[in-house]
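To start, the structure itself, in structure tokens.
Chain letters run A, B, ... following the sequence lines, proteins first and then strands; every chain starts at 1. Quick caveat: nothing in here was measured; it's all calculated off a predicted structure.
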Number of protein chains: 2
Amino acid sequence: MNNVKMNTRLELTRQALAVRDYKALRNILQDVHPADISELLQELDAGDAALLFRLLPKDEAAEAFALLGAPAQQALIQSFSDRETAALLEALYVDEAVDFLEELPANAVKRILQSSTPDMRAQLNRFLQYKEDSAGSVMTTELMRFADDSTVGEALAAIRSAPRKLAMDHVLYITDRQRHLLGDINLYDLLTAQDDQPLQSLLGKSTQQVHTDQSTDEIIALFRHYNLYAMPVVDTENRLVGVVTLEDVLDLADRQATQDVELMAAMQPSEATYMDTTIPRHARNRLPWLLLLLISGMINGAILGGFEQVFMAVPLLVTFIPMLTDTGGNAGSQSSTLIIRGLAMGDITVRDAGKVLLKELGVSLIVSVGVGLLTFGRVMTMQGGSLMIALTVVTALSAIVVLSKLLGGLLPLLADKLRMDPALMAAPLITTVVDALGLIIYFTAAKLLLGM
Amino acid sequence: MNNVKMNTRLELTRQALAVRDYKALRNILQDVHPADISELLQELDAGDAALLFRLLPKDEAAEAFALLGAPAQQALIQSFSDRETAALLEALYVDEAVDFLEELPANAVKRILQSSTPDMRAQLNRFLQYKEDSAGSVMTTELMRFADDSTVGEALAAIRSAPRKLAMDHVLYITDRQRHLLGDINLYDLLTAQDDQPLQSLLGKSTQQVHTDQSTDEIIALFRHYNLYAMPVVDTENRLVGVVTLEDVLDLADRQATQDVELMAAMQPSEATYMDTTIPRHARNRLPWLLLLLISGMINGAILGGFEQVFMAVPLLVTFIPMLTDTGGNAGSQSSTLIIRGLAMGDITVRDAGKVLLKELGVSLIVSVGVGLLTFGRVMTMQGGSLMIALTVVTALSAIVVLSKLLGGLLPLLADKLRMDPALMAAPLITTVVDALGLIIYFTAAKLLLGM
């Protein structure tokens with residue numbers, strides 16, 4: 001949201017809270033979107049936030065609550081009674097309620113579940129048992145379901161008299177009397193059909209569906225491929241149990257993309273946002289990878305140590321080390337980044353390995369001519385530069401560029417083939433491997449060309 | 001889609017095409033989703049693809065066509081007459097038709113427009129004038145619009161008798177008689193209202209809207225913040241002219257994220273997918289950055305050259321260069337990646353600069369203790385290692401880690417403040433700066449501590 005507008009609203013809210021002017025507060029909140037209310041709640045201190053929250057209409061409060069991060073949610077309910085918290089759970093969609101409960105300590109969950117209605121409790125318990133990152137754990141159970149022998153008119157009448165707005169309000173799911181999923185109908189198509197038509201007759205092509213234990217990665221891929229807004233979830237007996245909405249999937253896809261990028265930058269991927277993550281947690285996510293890469297850096301150091309007599313003889317060679325290793329790292333991460341992204345978007349599959357290698361070979365040959373010419377010119381114009389030194393540096397540089405690009409193209413595909421996360425073959429890891437090979441090539445070329 | 005299923009279907013299609021068995025082809029295509037048909041079309045050669053395409057029902061053909069990449073679209077229409085192409089355009093949503101036309105050579109566009117209906121021509125021409133990456137260029141004009149003094153019953157009747165299914169089929173937009181946008185209504189809410197209620201009475205909180213010339217970046221941010229499915233677009237006189245759907249925005253957001261990641265890996269961002277990009281084009285995207293970074297690598301070489309007398313005196317120092325520069329690069333890109341991603345997701349704003357710096361300072365202090373201890377142990381147990389050399393390396397390493405993390409945290413925020421793309425402050429660029437500073441710190445520390 002617009003920062004200026006947000007700051008003004010925050011100021012007005014603070015003033016009204018200071019003098020407990022509830023009427024003014026209600027006025028301020030009247031036309032504010034739940035997404036902005038949740039932002040407002042995060043800016044206020046705990047007591048004020050709780051007070052403001054209690055002034056909101058129930059549905060809106062639930063919507064704003066669902067949009068808060070886990071730390072803000074927990075801060076907010078600190079002042080709530082278990083009964084109040086249970087009432088809040090009722091107002092949330094089941095998957096949102098579960099997300100919230102999963103972040104609470106076990107004894108708090110137990111207490112809150114005891115204050116809930118038996119029906120709610122049963123639903124939540126079932127959800128809490130689904131594997132993390134499975135369709136079951138992200139689906140919503142509030143959906144429109146109709147039997148296939150109902151008519152359009154009956155379905156319309158039922159929708160009109162439903163007590164509460166449903167999560168996915170423009171798709172209805174058609175099952176037989178035993179709840180086996182048969183297909184879906186768009187609300188628009190329902191509306192433009194004849195009242196006495198059976199719902200059966202509106203079912204189109206076979207509907208995409210997933211099982212409760214299918215992974216969210218597969219679900220994201222299906223949503224992307226078929227441009228879906230919603231996907232029904234069935235149990236092992238093919239009975240409809242819930243629906244995954246695009247909103248759920250967008251959150252998942254954002255989180256997945258963020259985690260990929262974090263892996264590629266050599267970090268443990270984190271669940272929380274940057275600001276919500278504490279300093280010790282940030283350190284714990286980053287330190288292990290730095291240590292691992294430090295150790296492989298030491299191996300490179302040892303390789304370098306083995307060539308001491310070469311660089312002692314021609315000290316000028318040392319000054320090209322950072323350039324050679326950096327270029328290798330950059331050339332490799334260009335390739336690996338494109339492949340990792342392509343795999344995530346479904347544009348590239350393991351089947352394409354041959355085409356990828358050919359493409360990277362072609363690109364690396366062109367690129368190494370470019371960087372080679374520049375480097376040749378530079379070395380020849382340097383103090384102490386000679387043709388043989390120039391040839392040494394250019395040879396090593398070209399070999400490093402070709403090698404990095406081939407490895408950068410191949411390793412993510414290999415990871416995918418081995419069912420590992422391609423982003424795990426992170427750019428820094430490729431860099432380290434290429435560094436080692438590059439140094440060996442460089443000093444071996446030096447030995448040969450400079451006659452040592 | 002499942003590869004095995006896809007291959008079987010492809011095989012069957014090829015066999016049926018070989019013997020021109022149209023009935024078998026229609027059967028195969030009967031239950032196939034347009035997304036899979038478009039995949040099928042891409043696997044077939046041009047003649048077969050055109051033949052298959054002509055067998056599809058008009059709407060489905062249009063849907064599959066819109067999902068093809070630009071090269072595949074152009075290959076497909078090569079065998080079409082201008083009249084056939086114009087008919088295809090009519091079946092596409094206007095924004096899809098424009099996407100397709102924009103990739104064609106200007107004279108082909110002119111010819112096709114001449115074969116189109118005057119109404120279509122006028123619409124397309126208007127669209128082709130919108131700035132790239134503006135709301136106008138991505139919006140759809142096929143929407144449900146009703147005047148505010150209509151009743152629910154009238155709207156329902158109008159929807160039921162509409163000649164064609166509309167792009168955004170579960171939101172309707174309410175305007176006054178002069179087409180000024182007043183708000184929107186969900187189809188579900190319309191359905192559950194009384195027939196004689198005026199539409200006005202269903203309008204809720206103020207609706208988010210954008211102008212035709214607003215940037216797609218702003219639109220993506222709004223969709224993210226408010227969890228929208230659709231956003232109306234108005235002209236300078238606040239008259240409703242179109243709607244941007246979530247589907248449009250998802251494509252844009254994917255492309256934006258890919259381009260960010262490409263920039264961070266030191267490449268020109270590309271429009272096309274990896275496979276659709278030719279080798280020379282790949283080389284052109286990657287070479288300029290490699291050359292730029294090569295030049296800065298040469299500067300680092302020059303810095304290193306200035307310390308020749310130091311590393312000639314203690315050659316062991318050379319072996320730590322790759323480790324120091326790599327760790328600096330890794331530590332910096334960990335930080336910059338988190339900040340760039342946080343900015344893109346709206347979790348971090350420039351206002352947070354102070355908090356970010358404090359956090360990065362804390363993290364870098366913890367992390368440098370970790371990597372420092374490991375390095376100290378390593379140097380002390382090395383042949384030729386001494387306490388003073390260990391202190392030199394550890395001092396330089398700690399300084400480099402702190403510096404990289406502060407720069408990695410700060411530079412993307414600075415870029416954002418200057419309204420540049422934060423991803424442009426790419427990790428490799430930070431690496432190069434940190435390398436230079438790191439080498440200076442390292443050898444200065446060596447001079448002081450080793451008494452040279």
Contacting region of Ile321(B) [heavy-atom separation from chain A under 4.5 Å]: side chain
Check each atom of Val356(B) against the heavy atoms of chain A and say whether the ones under 4.5 Å are side chain, backbone, both or neither. both
Residue Leu358(A) versus chain B: region with a heavy atom under 4.5 Å: backbone
Does either side chain, that of His170(A) or that of Asn186(B), offer a donor lying less than 3.5 Å from an acceptor on the other one? no
Report yes if the side chains of Ile366(A) and Arg284(B) come closer than 4.5 Å at any heavy-atom pair, otherwise no. no
Please flag which part of Asp326(A) lies under 4.5 Å from any non-hydrogen atom of chain B: side chain, backbone, both or neither. side chain
If only side-chain N and O atoms count, and only distance matters, is there a donor-acceptor pair under 3.5 Å linking Thr258(B) with Arg341(A)? yes
Ignoring hydrogens and angles, write down the donor-acceptor pairs under 3.5 Å from the side chains of residues 295-308 of chain B, residues two or more places apart or on other chains.
unit_1: Ser296(B); atom_1: OG; unit_2: Leu292(B); atom_2: O; d: 3.4
unit_1: Ser296(B); atom_1: OG; unit_2: Leu293(B); atom_2: O; d: 2.9

Quick one: does Leu290(A)'s side chain get under 4.5 Å of Gln334(B)'s, heavy atoms only? yes
Any side-chain heavy atom of Val371(B) within less than 4.5 Å of one from Leu287(A)? yes
Give me the one residue out of Leu294(A), Thr432(A), Asp435(A) that meets side chain to side chain contact (heavy atoms under 4.5 Å, CB included) with Met323(B). Leu294(A)
Could you state the interatomic distance from CE (Met312(A)) to CE (Met312(B)), rounded to the nearest 0.5 Å? 4.5 Å
Given heavy-atom pairs under 4.5 angstrom as the criterion, report whether the side chain, backbone, both or neither of Asp260(B) touches chain A. neither
Check Leu439(A) against Pro322(B) and note the closest heavy-atom contact, atom names and distance. CD1-CG, 4.4 Å
Going through the checks in order, is the side chain to side chain contact (heavy atoms under 4.5 Å, CB included) test met by Met345(A) and Thr273(B)? CA-CA 9 Å; Met345(A) 304 297 291; Thr273(B) 64; over 6 Å; no
At a 4.5 Å cut-off on heavy atoms, which part of Ile159(B) comes close to chain A: side chain, backbone, both, or neither? both
Name the region of Pro315(B), side chain, backbone, both or neither, that has any atom closer than 4.5 Å to a heavy atom of chain A. both
Pair count under 4.5 Å, heavy atoms only, with chain A: among Asn330(B), Asn285(B), Asp251(B), highest is Asn330(B)
Segment of Asp347(A) engaging chain B (4.5 angstrom heavy-atom cut-off): both
Do Lys359(A) side-chain atoms and Met275(B) backbone N/O form a donor-acceptor pair below 3.5 Å? yes
Please look at Tyr274(B) and chain A and tell me whether the side chain, the backbone, both or neither of the residue comes under 4.5 angstrom of a heavy atom of that chain. both
Measure Asp352(A) against the heavy atoms of chain B and call it side chain, backbone, both or neither at under 4.5 Å. both
Portion of Ser270(A) that has a non-hydrogen atom of chain B nearer than 4.5 angstrom: neither
Could you tell me which of Glu360(B), Gln383(B), Arg281(B), Met382(B) has the largest number of non-hydrogen atom pairs under 4.5 Å with chain A? Glu360(B)
Report yes if the distance between the aromatic ring centroids of Tyr229(A) and Tyr229(B) is under 6.0 Å, otherwise no. yes
Does any non-hydrogen side-chain atom of Glu39(A) lie less than 4.5 Å from one of His225(B)? yes
Give the minimum heavy-atom separation between Arg160(B) and Leu191(A), together with the two atoms involved. NE-O, 2.6 Å
At a 4.5 Å cut-off on heavy atoms, which part of Arg224(B) comes close to chain A: side chain, backbone, both, or neither? side chain
Checking Thr277(B) against chain A: side chain, backbone, both or neither under 4.5 Å from a heavy atom? backbone
For Ser333(A) and Ala265(B), which heavy atoms make the closest approach, and how far apart are they? O-CB, 3.8 Å
Region of Leu250(A) in contact with chain B, defined by heavy-atom distances below 4.5 Å: side chain
Can you check whether Ala331(A)'s main-chain N or O pairs, donor with acceptor, with Arg286(B)'s side chain at less than 3.5 Å? no
Region of Ile348(A) in contact with chain B, defined by heavy-atom distances below 4.5 Å: side chain
Honestly, the part of Leu67(B) sitting under 4.5 Å from a heavy atom of chain A is side chain
